[in-house]
Amino acid sequence: MGVERSGPDQRLRDVARAMRGVIELLEVYWTRVPEGFSPVTVSAPQLRVMYVIERREGINLRQLGAELDAAPSSASRLCDRLEAIGFVRRSSSTASRREVELRLTAQGRAHLDRLRARREERLAAALARASPASRARLMEAVETIRVALTAAVRAEPTDTGVQRPPGDGAERRTG
C-alpha cells in the first residue's frame, strides 16, 4: 500500500520536476549549434566559467573554484583552454602578486553575445508555435522563476560564508 502524495509539497516537487525537464530540453536544444555558428567549441563547464568571470570580473582562481564548487586546480585547467583560445586573460592581482585575476577578453565577450543571441533566436522560433495567450502566461511564470532564483542566489553564502549583496550581478542573465 503506497502513501498518497498530495498537497503543497507535492505540487512544488511537480513544478520543480517540470522545470528540470524544460531545462534539460533547453540544454539539448541549445547544444545543437548550426554549422558555421562558431569556429570554437566551448564545453558546458568552460561556459560556466565564462559566466562566472563575466559576473565577477577580476575573480581569482580560489574564488572561481568556490563558485564552481571545484578545486582551484580544476578551475585553473578549465581556464587554461579558455585562455588558449583567447576568451580569458589572466593577470597579476593589484592587491597581491601571489594572486591571479581572471577577466574575459573582448573575444570572450563577443562569443557570449553571439551565443546568447543564437539561443534567443532558437528559443523564439520554438515559442512561436505557442499561442499568444500561452506566451503571456509563460512570461509571467518565467518572471516569477527569475525573481525566486535571484533571491535564492543572493541568499547562498559565498566561499567566505558572507551573503552576496544585492546588485552583485547575480541577477544578470547568463544565457
Side-chain angles (χ1 to χ4, degrees), residues 16 19-127 142 145-146 149-175:
M19 282 299 305
R20 178 191 44 81
V22 168
I23 291 165
E24 289 171 359
L25 281 169
L26 282 172
E27 288 172 345
V28 169
Y29 189 62
W30 282 339
T31 57
R32 293 181 183 167
V33 179
E35 191 68 36
F37 169 72
S38 176
V40 179
T41 301
V42 177
S43 69
Q46 290 165 340
L47 190 57
R48 190 167 168 225
V49 166
M50 292 178 70
Y51 291 150
V52 171
I53 294 172
E54 178 186 47
R55 193 177 72 243
R56 299 201 41 211
E57 192 75 24
I59 192 172
N60 65 36
L61 284 170
R62 180 186 55 78
Q63 294 166 332
L64 178 62
E67 284 272 339
L68 300 173
D69 198 25
S73 59
S74 296
S76 182
R77 283 191 299 275
L78 286 168
C79 291
D80 287 345
R81 177 149 191 279
L82 291 171
E83 187 175 31
I85 60 177
F87 286 0
V88 169
R89 180 176 41 87
R90 297 178 193 200
S91 59
S92 296
S93 169
T94 55
S96 169
R97 289 187 299 175
R98 295 185 316 162
E99 289 187 8
V100 172
E101 293 179 344
L102 302 165
R103 299 186 189 289
L104 289 181
T105 64
Q107 186 179 352
R109 288 184 193 290
H111 181 78
L112 287 181
D113 289 345
R114 284 189 309 272
L115 181 68
R116 286 178 174 133
R118 179 63 187 145
R119 285 179 169 184
E120 286 176 14
E121 286 171 14
R122 296 201 73 209
L123 190 52
L127 292 173
V142 167
I145 293 164
R146 189 196 63 76
L149 286 173
T150 298
V153 166
R154 286 183 178 160
E156 287 180 353
T158 62
D159 59 319
T160 60
V162 178
Q163 288 187 346
R164 295 182 180 127
D168 71 342
E171 70 279 359
R172 189 182 314 165
R173 293 181 319 158
T174 58

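Heavy atoms only: backbone and side chains are in, while hydrogens, waters and symmetry mates are out.
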Checklist entry - Is the side chain of E120 donor-acceptor paired with the backbone N or O of A117 at a distance under 3.5 Å, no angle test? => result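 No; zero donor-acceptor contacts below 3.5 Å.
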Item to check | Side-chain donor or acceptor of S74 paired with backbone N/O of A70 under 3.5 Å | outcome: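 No, S74 side chain to A70 backbone: no donor-acceptor pair under 3.5 Å.
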Item to check | Side-chain ion pair, E67 and R55, N-O less than 4.0 Å | outcome: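 Looking at R55 together with E67, the answer is yes, because their closest N to O distance falls below 4.0 Å.
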With sequence neighbours left out, what residues match [X] under side chain to side chain contact (heavy atoms under 4.5 Å, CB included)?
X	result
A151	none
A126	Y29, R129
S43	P45, Q46

Next on the checklist: I'd like to know whether V49 forms a side chain to side chain contact (heavy atoms under 4.5 Å, CB included) with L102, so could you lay out the CA-CA distance, the side-chain angles of the two residues, the decisive distance to 0.1 Å, and finally the verdict.
Outcome noted: CA-CA 10 Å; V49 166; L102 302 165; 5.9 Å; no
Item to check | Residue pair R81 / V42: nearest heavy atoms and the distance that separates them | outcome: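 Looking at all heavy atoms of both residues, the shortest contact is NH1-CA, 4.4 Å.
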Next on the checklist: Could you measure the distance from the CG atom of L115 to the CZ atom of R118? Nearest 0.5 Å is fine.
Outcome noted: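 Between atom CG of L115 and atom CZ of R118 there are 10.5 Å.
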Checklist entry - Distance from M19 atom CE to L26 atom CG, nearest 0.5 Å? => result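 Going from the CE atom of M19 to the CG atom of L26 covers 8.5 Å.
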Contact between [X] and [Y] at the side-chain level, heavy atoms closer than 4.5 Å - yes or no?
X	Y	answer
R119	R116	no
I23	R20	no
C79	L61	yes

Item to check | Which residues share a salt bridge (charged side-chain N to carboxylate O under 4.0 Å, His left out) with R103, sequence neighbours left out | outcome: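 R103: salt bridge (charged side-chain N to carboxylate O under 4.0 Å, His left out) contacts with E57, E101.
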Which donor-acceptor pairs under 3.5 Å do side chains of residues 82-91 form with protein atoms, sequence neighbours excluded?
residue : atom : partner : partner atom : Å
E83     : OE1  : R90     : NE           : 3.3
R90     : NH2  : S76     : O            : 2.9
R90     : NH2  : D80     : OD1          : 2.6

Checklist entry - Can you check side chain to side chain contact (heavy atoms under 4.5 Å, CB included) on L68 and V52, steps first, answer last? => result CA-CA 8 Å; L68 300 173; V52 171; 4.2 Å; yes
Next on the checklist: Filter on salt bridge (Lys or Arg N to Asp or Glu O under 4.0 Å), then keep only pairs touching residues 40-53, sequence neighbours left out; what's left?
Outcome noted: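 Listed by first then second residue: nothing to list.
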